[in-house]
Amino acid sequence: MLTGRHVIEPADLSIEEMEEIFSLAEKIIVDPSAFTDVCHGKILATLFFEPSTRTRLSFEAAMLRLGGQTLGFAEASSSSASKGESLADTIRVVSSYADVIAMRNPKEGAALLASQFSAVPIINAGDGGHHHPTQTLTDLLTIRACKGGFSGLTIGLCGDLKFGRTVHSLCKAMSRYPDNKFVLISPQELSIPEYITKDVFEKAGISFTTEERLENVIGDLDILYMTRVQQERFFNEQDYIRLKDSYILDKEKMKRAKNNMIVLHPLPRVNEISPEVDADPRAAYFKQVKYGMYARMALIAKLTGVL
Ligand code: NCD
């Protein structure tokens, strides 16, 4: 039963519950007009203490397309957090106005804390470098549409694997399905946190390799998940400048990839995928955006208990 539940990280949803969300999302994709009223009278609050375009608008679009309404703020400076209000108090207040809350905060653990003070479901829309479970629903719905399932895949994760929360959430989710392999492509300084290799991969018996050069491994991959170097999480501007263009996927590198490999990216992209790749049929990152909205529609409908 998903009604009333908080979604803080991917493991908060069982494989069966993810399945429920994907099959509802797929029904919505086939006939969106059948769902335009299901959230009538419900309110989604979007509390974004950190910048976002896609995620916030996609949550809002999702609720509006279900016939519900939205309220919220897009930056911490326009909320009472700027007057010194604690997150706990903000959440107590907002949860008496809204039926479901999607929140993003730069601090790891903020969504979990919020869930302890909320009378309504909290959806974590990103907590620092930690997790981003609805991006994972987005990624998985896209993988399911393009690859037909979630097992037997070689998944290359490329870029900022240290701070990229979408990567951490994707690893956690895909490790639950059989026969997947991960290829971790990053500079040493941006390598994946140990809690992912030890507590996620090793525990699940998942095999993974590490690599610094994308061109060496691109030919082995079924999925290439590109990520942006997370400028806002660096302590030192110099390090960011040195690392920001570590990887640039271009036509030349795509020539080495399988014909049925797909390229995913949570967006926003900076330089890591050259625009010349956009026309390649294997580029799935704009499709992924649309799947994100449908995945969020399904999640909102489930958590509010209307479907
Ligand atoms: C991602 C995020 O916020 O973690 N963006 C998103 O939600 N689609 C990725 C990023 O900012 O690089």
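We count ligands from 1, going down the list as the structure has it; atoms in each ligand are counted the same way. All values derive from a computational prediction rather than experimental measurement.
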request  = State plainly whether the residues K302 and E17 are in salt-bridge range, i.e. N to O under 4.0 Å.
outcome  = no
Among protein heavy atoms, which lies nearest [atom], and at what distance?
atom                    : result
atom 4 (O) of ligand 1  : R165 NE, 2.7 Å
atom 8 (N) of ligand 1  : P266 O, 2.9 Å
atom 11 (O) of ligand 1 : R228 NH2, 2.8 Å

request  = Please check if the distance between the ring centroids of F22 and F150 is under 6.0 Å.
outcome  = yes
ask   = Is it the case that R92 places NZ or CZ above or below the six-membered ring of F117, under 6.0 angstrom from the centre and within 45 degrees of the axis?
value =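 No cation-pi geometry.
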request  = Run down the list R54, Q135, H132 and name the one with the heavy atom closest to atom 7 (O) of ligand 1.
outcome  =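 Shortest heavy-atom distance from atom 7 (O) of ligand 1: H132.
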Where ligand 1 meets T166 - atom numbers and elements under 4.0 angstrom, heavy-atom basis =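 Listed by number with element: 1 (C), 4 (O).
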message = I need the atoms of ligand 1 closer than 4.0 Å to a non-hydrogen atom of T55, numbered in the order shown.
response =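 Taking each heavy atom of T55 in turn, ligand 1 has 6 (C), 7 (O), 8 (N) under 4.0 Å.
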task = State, without any angle test, whether S169 and Q135 hold a side-chain donor-acceptor pair at a distance under 3.5 Å.
result =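 Not at all, the side chains of S169 and Q135 share no donor-acceptor pair under 3.5 Å.
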ask   = Do H132 and R104 meet the criterion of a side-chain donor-acceptor pair at a distance under 3.5 Å?
value = yes
ask   = Step by step, would you call E85 with T90 a side chain to side chain donor-acceptor pair (under 3.5 Å)?
value = CA-CA 7 Å; E85 184 173 60; T90 304; 2.7 Å; yes
query = Is there a heavy atom in E50 that sits closer than 4.0 Å to ligand 1?
reply = no
task = Compute the minimum heavy-atom distance from P268 to ligand 1 and say whether it is under 4.0 Å.
result =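 A heavy atom of P268 does come that close to ligand 1.
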Salt bridge (charged side-chain N to carboxylate O under 4.0 Å, His left out) partner of D278, the single match among R269, K251, K287 =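 In the set R269, K251, K287, the residue that makes a salt bridge (charged side-chain N to carboxylate O under 4.0 Å, His left out) with D278 is R269.
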query = Which bit of L267 is near ligand 1, meaning a heavy atom under 4.0 Å away: side chain, backbone, both or neither?
reply =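 Looking at L267 and ligand 1, just backbone atoms fall under 4.0 Å.
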